[in-house]
Structures are given as C-alpha cells and as structure tokens.
Asks: 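Take this structure, written in structure tokens, and hold onto it; I'll ask about it next.
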Amino acid sequence: MDNIEKDEKLDMMRHSAAHVMAEAVQSMFPDAKFGIGPTIEYGFYYDFDLSRSLSPEDLPLIEAKMKEIVKSNSPFLKEMVSKEQARKLFANQPYKLELIDELPEEQVTIYKQGNFTDMCRGPHVRYTSAIKAFKLITIAGAYWRGSEKNPMLQRIYGVAFNTQKELDEYLIRQEEIKKRDHRKIGKDLDLFVFSDLIGKGLPIFTEKGSVIRRELERFVVDEEIKRGYKHVYTPDLAKVELYKTSGHYPYYKDTMYPVMKVDEDELMLRPMTCPHHYQYYASKPRSYKELPFRIAELAKQFRYEKSGELSGLLRVRSFCLADAHIICKSEQAVDEIMQALDLIEYAANVLGLNAGRRYRLSLGDRKDEKKYYKDDAAWDFAENVLRRVLIQRKANFFEAGNEAAFYGPKIDIQMKNFAGKEDTAFTVQYDFVGPKRFKLAYIDSDGKEKEPIVIHRSSIGAIERTMAFLIEHYAGAFPVWLSPVQAAIIPVSDQHLGYARKLEAELKAIGVRVMVDDRNERMNQKIREAQLQKIPYMLVVGDKESADNTVSVRLRIGEQLPVMSFEEFKKKIKQVINDRVNELKP
RNA sequence: GCCAGCGUAGCUCAGUGGUAGAGCAGCGGUUUCGUAAACCGUCGGUCAAGAGUUCGACUCUCUUCGCUGGCUCCA
C-alpha cells in the first residue's frame with residue numbers, strides 16, 4: 001500500500017470518527033442540530049448546535065459513548081436519496097437543509113451507522129470497529145460556515161490515529177510544543193512582560209529581551225545600508241489626510257486607532273509606513289538617476305487587533321516592521337525584487353529560520369473591485385513580474401487567490417513554526433497604486449516626467465513576530481550573538497572572585513556580554529542556573545585557572561571544552577559573535 | 001469581537017461554605033565548595049477587581065478586567 005492510499009485510509013477513519021462522535025452527542029442531546037464534521041490534520045471535528053453549552057467534563061462522557069459505539073461494531077450504510085427525501089429526512093436539521101439546497105446534484109448520499117444518519121459524500125470505513133486510537137481534545141466556538149454574521153456553533157475537536165502508539169506520540173509532541181511556546185520561554189528567560197495598566201497586546205521588552213531586539217535591529221540596519229538602502233526615521237503618527245490620500249483609509253478603517261484632534265488637525269497612529277516614505281521621496285523633484293530609490297526604516301506601526309486575536313509577541317497592537325519601499329521604474333522591478341529576496345533569504349539564513357520555507361504568490365481577485373484596485377493591465381503586468389522572479393529563482397512556490405494587497409500582488413515568504421503551523425514571515429509587494437495617488441514622479445532621460453512603481457518589502461518582518469519565531473526555534477538557546485548573556489563566569493569559591501573580575505573586565509572591553517555569578521552559592525548551583533538561563537558559555541575558574549591564566553569552558557549543551565588559555569577563549573568567542581555562528585561549536 | 005475554560009505568594013502549583021498552604025525565588029545567617037539544586041532561619045497573599053446570596057464567601061451567583069484554546073482577522 002503506498003503512502004497516498006494509506007493517508008486516504010487514515011482520512012476515512014478520521015471522518016468516520018467524526019460521525020461516531022456525532023452519534024454519541026446525539027445520544028446525549030437528542031435535539032442536537034448538526035453542522036459539518038470534516039477531517040483535519042491529525043483528526044476531525046464536528047460542529048453542533050446544542051441546548052446547553054458543553055463543558056470540558058462532557059468530553060470524557062462523549063468519548064466513553066464513542067468507545068461503546070466503536071465496540072458495537074455497527075456498519076456504515078450508504079444510501080442514495082433524492083433531495084426531496086433528504087429534506088424530509090433532515091426536516092428538523094436546519095443546517096443540513098441549507099447544505100441540501102446548495103448541492104448541485106439531484107441525488108444526495110447519506111450514511112447511516114447505529115441510530116445516526118448524516119448527509120455526507122463519504123467514503124467511510126465499513127464498520128465502526130475500524131476506528132482505532134482517538135481522543136477528544138477540546139471544545140471551541142465556531143461560526144456556522146465561518147462567518148461572523150452566522151450563529152456560533154459548538155465545535156469538538158478530536159485526534160485519531162491508527163495505533164495507540166501514534167496517538168501517544170502525538171500527545172507527547174503537543175507537550176513539547178507547549179514547552180517551547182515563546183510566551184513560556186519569554187517568561188522563564190525574562191525577555192518580555194505585559195502590564196494591564198499599559199494594555200493588552202503591548203509588550204514591554206525587558207533588559208534581556210531588548211538585547212536580542214537591539215542585535216536584530218543592528219544586524220538588519222547594517223545589512224540594508226550595505227545593500228544600498230537609505231535608512232530613515234519618519235513619524236509614528238500623521239494626519240488622517242495622508243492615509244486618505246494613499247487610499248489605505250477605507251481598507252484599514254477597522255484596524256486603525258481612532259483619530260486624535262490636535263489643534264485644527266486630525267492625527268492618527270500610523271497603521272503602515274508607505275505614505276510616510278512617499279513623502280520623503282516627494283520632498284523634491286527626482287531624476288531617473290536616483291532610481292531605484294530604496295527607503296528603509298525600523299517602523300513602528302499601530303493596528304487595532306480584536307482582543308481575541310492577540311497572542312504574546314505573535315499578534316500585538318503595536319509592532320516594529322523592518323520595512324522598506326523601493327521606488328523604481330517598472331523595468332527595474334524584476335531586478336529589485338530579486339535583490340529583495342536575496343536579502344530576505346540571507347537574513348533568514350543568518351537567523352537560522354529556514355524551516356519549511358516556501359513562497360506564496362498572492363494574487364487578487366479581478367472581480368472584487370471593492371477589495372482590489374481596478375486596473376487589469378497593471379495587475380497582469382505585476383503578476384507576471386512576480387511569477388517570473390519566482391521561476392527564475394527556482395523557488396518553491398504556489399499561487400493563492402484573494403491574498404493580495406489592494407494595491408497589487410505580492411510574494412509572501414511562508415515559514416513553519418515549531419508547532420508546524422505556517423505563517424507569513426516576510427513579504428514583498430508590487431504596488432502600482434501608491435505612486436498614482438501621491439503623484440510620485442521622476443524625470444526620465446528624455447526629460448519627460450514619468451510615474452514610478454513601488455515595491456514594499458520587509459526584510460526580517462515584524463521584529464516582535466520574528467523574535468517569537470526565534471524563541472521557539474531555538475527554545476531560548478539563542479546563537480551567541482543574540483544571547484542576552486553570552487558568558488557566565490563562575491568562581492569555584494569566593495577566593496577566585498578576583499580572577500573572575502579580571503576576566504569580566506577584559507571580556508567587557510571587547511564587547512562580550514558577560515556576568516560574574518558572585519553569589520554565595522555552590523558552584524553546582526551556579527552552573528545549573530546558567531544552564532537554565534541557556535547562557536552559551538560558562539567559565540568555571542578555580543585555583544588552577546587563576547594560577548595559569550586559563551579557563552575551564554562548559555557549553556550549555558552540557559559539553560566541556562578542554563582547558564584553554566583565556567586569550568584563546570577571547571579569540572574564539574569574539575569570532576563566534578562576529579560571524580554570527582548559528583551553532584554553539586565553531 | 002464571539003464561544004468555552006482559567007485567574008490562589010515573584011514563579012510552579014495544593015486547597016476548601018467556617019476568614020489560606022508547599023517547593024523554588026527573595027532576605028538573614030552558617031558553609032568556601034571543581035561542572036545541573038549545601039544547610040538553618042525568615043519575609044511574603046484585601047485567593048484578579050467589584051457587587052450580590054449567606055450568620056459567614058477564596059469557595060455559590062452576576063458584572064468587569066486579564067490570560068488560554070478555538071472562530072473571525074492578520075505583519
């Protein structure tokens with residue numbers, strides 16, 4: 001049996017498990033109304049409309065009932081009925097009736113097992129006993145058909161596998177994911193905190209977290225300047241008029257903060273940077289010789305996110321985007337996008353964030369003139385440019401409709417986080433609208449005024465989100481250049497404090513972040529704590545070391561380096577930092 | 001924002017209709033130690049906030065705030 005066949009079989013079993021769960025729920029709630037019950041990665045869910053709210057205590061009861069049904073080994077019976085019959089059969093199932101009305105076929109498939117009948121395309125396993133290891137995981141609210149306007153149903157999520165062993169492994173894996181959660185590690189390592197008084201979704205970076213952030217920022221600013229960007233600072237707020245001119249206002253209204261009245265003006269916190277950068281470009285006439293005009297900024301942006309959407313550093317209400325806008329001729333677009341992707345890939349490699357990287361060519365929907373600016377020729381041109389770039393790079397990409405910005409298509413660089421979830425980490429967007437709205441122009445070689453295009457891009461994305469990725473990716477054991485404390489000096493006893501202080505001063509002098517653990521504690525205790533803090537180097541110094549000017553180096557991976565001279569260690573650590581080495585051992 | 005759950009000391013967590021406990025951290029000592037937790041003592045909580053029920057509420061009810069898992073949305 002090949003893998004695809006195997007997957008299909010597993011999928012069938014999960015789908016059948018959803019039906020069995022529905023039967024179990026029906027036995028407990030005879031008047032239950034049923035939504036849909038599809039399979040998902042690792043399992044299944046089913047949506048119900050019930051007379052009362054489910055509580056977590058219900059899950060074991062439902063699960064027990066399911067096990068009974070599985071044990072009873074009742075067959076799944078398939079039947080074809082006409083829509084008319086189906087309507088009668090599901091007369092008191094409003095959600096099913098809605099689905100029936102929308103089915104194009106005249107015949108409807110129904111599946112029956114035990115006392116439960118469901119409208120379903122199938123296929124299913126033959127008997128309920130084919131359902132192997134499963135577990136109900138959680139209950140959640142879910143809008144009928146995913147729309148906020150519809151009633152909210154109660155969804156039960158379950159997972160199912162062919163063997164108990166696989167199920168156990170899945171559960172263990174979930175525990176590991178929890179341990180790596182950036183919110184947990186952020187607390188353990190004291191990287192960021194929140195304050196109810198400041199507000200939700202507004203993180204405070206602690207001293208240690210700020211070290212990481214500063215290193216990231218320095219890295220990206222230096223790299224961008226090297227690559228020909230003008231790095232600037234523009235204001236965090238601006239007149240509402242600016243965003244009305246840019247055309248963002250109607251699209252972003254819901255995610256922008258309310259307007260502030262200041263004197264005669266109406267100001268607001270910026271939800272994006274582009275128009276600010278355009279104003280820099282537009283501050284004087286530009287020649288074609290100045291193009292491409294690359295403007296970069298570590299830009300704070302403010303977006304009102306619904307409270308339920310906030311999550312640690314992943315979703316915040318104020319974030320800092322490593323943002324840039326490249327104003328250029330359309331003929332330069334391919335080359336500029338190539339360079340932008342080069343930078344993004346380079347930075348991602350330095351950070352070690354490559355897991356599951358793939359590209360999404362995000363396209364608009366020509367018919368949706370509310371959501372996307374109407375200009376078919378411009379969309380065609382831009383889409384071709386982006387597609388050409390991706391093909392030329394032999395990038396692993398796929399196309400997705402209805403994902404573009406209102407002003408043009410984009411390339412999203414997708415990444416998988418530790419939990420296996422895919423997220424947009426970085427993005428490159430083609431914009432043919434901005435220049436029009438702001439009447440951006442350049443004087444071409446023929447002396448005529450022409451309209452440029454704009455490429456929006458983020459290099460290392462939103463700093464907050466990227467930090468969350470890094471925390472989870474490294475489980476807090478950051479590369480040395482990012483580590484808040486790079487070396488801990490651990491005197492064996494306080495007689496060795498003098499030597500420890502001397503090493504500390506010398507390391508500080510060459511820019512190493514070092515601390516001496518001078519507490520009245522045993523060496524073992526200090527090592528343990530340095531280890532828990534994921535400090536990359538521990539320098540244990542006692543009689544021997546102070547006598548011959550050496551250090552005993554312990555790495556946080558538990559490994560011990562052979563005794564080396566302090567000079568040698570200095571050279572080594574300096575090099576690891578400067579080269580931004582990913583792994584601990586050079 | 002919506003649905004559900006949770007909120008006890010700085011952290012991790014016990015606990016119960018009769019006005020709170022442990023370990024770690026902190027602090028004060030003792031100890032001067034060789035690669036992941038020395039020992040003794042001690043401080044610490046309007047049990048998220050407010051209102052109600054009750055003779056009595058951390059416990060039951062309601063409201064608010066915050067967090068978590070989903071839904072919707074998204075850098």
Asks: Rounded off to whole Å, could you give me the CD-to-P distance for the Q525(A) and rG26(B) pair?
Replies: 8 Å
Asks: In whole Å, what separates the P atom of rU63(B) from that of rC6(B)?
Replies: 15 Å
Asks: Is Q93(A) reaching over with its side chain to a backbone N or O of A32(A), donor-acceptor style, under 3.5 angstrom?
Replies: yes
Asks: The side chain of Y143(A) is closest to which nucleotide in this list: rC71(B), rA36(B), rA4(B)?
Replies: rC71(B)
Asks: Just the rounded figure in Å: distance from P of rC27(B) to CG of N520(A).
Replies: 11 Å
Asks: With rounding to whole Å, what would you report as the distance between rC11(B) and rG26(B) at their C1' atoms?
Replies: 12 Å
Asks: Should Y157(A) be listed as having a side-chain N or O under 4.0 Å from OP1 or OP2 of rC71(B)?
Replies: yes
Asks: Is there a donor and acceptor pair closer than 3.5 Å between the side chain of R303(A) and the base of rC74(B)?
Replies: no
Asks: Need one value for D494(A): base, sugar-phosphate or nothing, where a base atom within 4.0 Å counts as base even if backbone is also close, heavy atoms only.
Replies: base
Asks: Tell me whether the NZ or CZ atom of R173(A) lies within the 45° cone about the ring axis of F418(A) and under 6.0 Å from its centre.
Replies: yes
Asks: How many Å lie between NZ on K200(A) and P on rU68(B), as a whole number?
Replies: 10 Å
Asks: Under 4.0 Å, heavy atoms only, any strand: does D323(A) hit a base, just the sugar-phosphate, or nothing?
Replies: nothing
Asks: Work out how far the C1' atom of rG17(B) is from that of rU54(B), and round it to whole angstrom.
Replies: 9 Å
Asks: Which part of the nucleic acid, if any, lies within contact of K187(A), taking any heavy atom under 4.0 Å across all strands shown: a base, the sugar-phosphate backbone alone, or nothing?
Replies: sugar-phosphate
Asks: Determine the interatomic distance between C1' on rA20(B) and the same-named atom on rG45(B); round to the nearest Å.
Replies: 8 Å
Asks: For the side chain of R155(A), starting at C-beta, report the closest nucleotide among rC33(B), rC71(B), rC74(B).
Replies: rC71(B)
Asks: Considering only rU35(B), rC2(B), rG66(B), which nucleotide approaches the side chain of D196(A) most closely?
Replies: rG66(B)
Asks: Would you kindly check whether a donor in the side chain of Q560(A) faces an acceptor in the base of rU35(B), or vice versa, at under 3.5 angstrom?
Replies: yes
Asks: What nucleotide, of rU72(B), rG34(B), rC3(B), holds the atom closest to the side chain of M523(A)?
Replies: rG34(B)
Asks: Who are the side-chain contact (heavy atoms from CB on, under 4.5 Å) partners of K534(A), not counting sequence neighbours?
Replies: L189(A), A477(A), R556(A)
Asks: Quick one: which of rC74(B), rG70(B), rG1(B) gets closest to the side chain of E148(A)?
Replies: rG1(B)
Asks: Rounded to whole angstrom, note down the P distance from rG18(B) over to rC58(B).
Replies: 11 Å
Asks: Among rC73(B), rG34(B), rU68(B), which nucleotide has an atom closest to any side-chain atom of R183(A)?
Replies: rU68(B)
Asks: Counting only heavy atoms not in Y42(A) (residues, nucleotides, ligands), do more than 12 fall under 6.0 Å from its OH?
Replies: no
Asks: For L321(A) and Q301(A), which heavy atoms make the closest approach, and how far apart are they?
Replies: CD2-OE1, 3.9 Å
Asks: May I have the distance from E297(A) (atom CD) to rA75(B) (atom C1'), rounded to whole angstrom?
Replies: 15 Å
Asks: Which heavy atom in R457(A) sits nearest to a heavy atom in A322(A), and how many Å separate them?
Replies: NH2-O, 3.3 Å
Asks: From CD of Q533(A) over to P of rA36(B), roughly how many Å is that when rounded to an integer?
Replies: 17 Å
Asks: For atom P, what is the distance between rA38(B) and rG34(B), given to the nearest Å?
Replies: 12 Å
Asks: Just the rounded figure in Å: distance from P of rA37(B) to CZ of R528(A).
Replies: 7 Å
Asks: For S307(A), answer base if it contacts any base atom (sugar-phosphate contacts may also be present), sugar-phosphate if it contacts only those atoms, and nothing otherwise; contact means non-hydrogen atoms under 4.0 Å.
Replies: base
Asks: Need to verify one output field. Residue with the more 5' nearest nucleotide on RNA chain B, E309(A) or K544(A)?
Replies: K544(A)
Asks: Which one of K410(A), H325(A), H277(A) satisfies the side-chain hydrogen bond (donor to acceptor under 3.5 Å, both in side chains) criterion with H456(A)?
Replies: H325(A)
Asks: Does E545(A) contact rG34(B) through a side-chain donor or acceptor facing the base, at a distance under 3.5 Å?
Replies: yes
Asks: Check this one for me: any side-chain N or O of R522(A) less than 4.0 Å away from OP1 or OP2 of rA38(B)?
Replies: yes
Asks: Compare the minimum distances between each of rU35(B), rC74(B), rG5(B) and the side chain of I527(A), then state the nucleotide with the smallest one.
Replies: rU35(B)
Asks: Using Watson-Crick or G-U wobble pairs with both distances under 3.5 Å, give me RNA chain B in dot-bracket, 5' to 3', with [ ] for crossers and | for pairs to another strand.
Replies: (((((((..((((....[..)))).(((((.......))))).....(((((..]....))))))))))))....
Asks: Return the value, rounded to whole Å, for the distance between atom CD of Q495(A) and atom P of rG34(B).
Replies: 11 Å
Asks: Is there side-chain contact between F219(A) and L482(A), with heavy atoms separated by less than 4.5 Å?
Replies: no
Asks: Consider the side chain of S53(A), meaning its heavy atoms from C-beta on, and name the nucleotide among rC3(B), rU72(B), rA75(B) that approaches it most closely.
Replies: rC3(B)
Asks: Near E207(A) CD, under 6.0 Å, is it more than 12 heavy atoms from other residues, nucleotides or ligands?
Replies: no
Asks: Please report the distance, rounded to the nearest Å, between CD1 in I489(A) and C1' in rU35(B).
Replies: 16 Å
Asks: If you look at every strand shown and take non-hydrogen atoms under 4.0 Å, does L532(A) touch a base, only sugar-phosphate, or nothing?
Replies: base
Asks: Looking at E305(A) and rA75(B), is any side-chain donor or acceptor paired with a base atom of the opposite kind under 3.5 Å?
Replies: yes
Asks: Just to verify, what does E57(A) make a side-chain hydrogen bond (donor to acceptor under 3.5 Å, both in side chains) with, not counting sequence neighbours?
Replies: S55(A)
Asks: Between rU64(B) and rG69(B), how far apart are the two P atoms, rounded to whole Å?
Replies: 22 Å
Asks: Could you say whether the aromatic ring of F319(A) and the base of rA75(B) stack, counting only centre distances under 5.5 Å and plane angles under 30°?
Replies: yes
Asks: So what does R554(A) touch, heavy atoms closer than 4.0 Å: a base, only the sugar-phosphate, or nothing?
Replies: base
Asks: Base, sugar-phosphate alone, or nothing: which one does G461(A) contact when heavy atoms must sit under 4.0 Å apart?
Replies: nothing
Asks: Taking the same atom, P, in rU68(B) and in rC24(B), what whole-Å distance lies between them?
Replies: 29 Å
Asks: Do you see a donor-acceptor pair shorter than 3.5 Å between the side chains of T234(A) and E297(A)?
Replies: yes
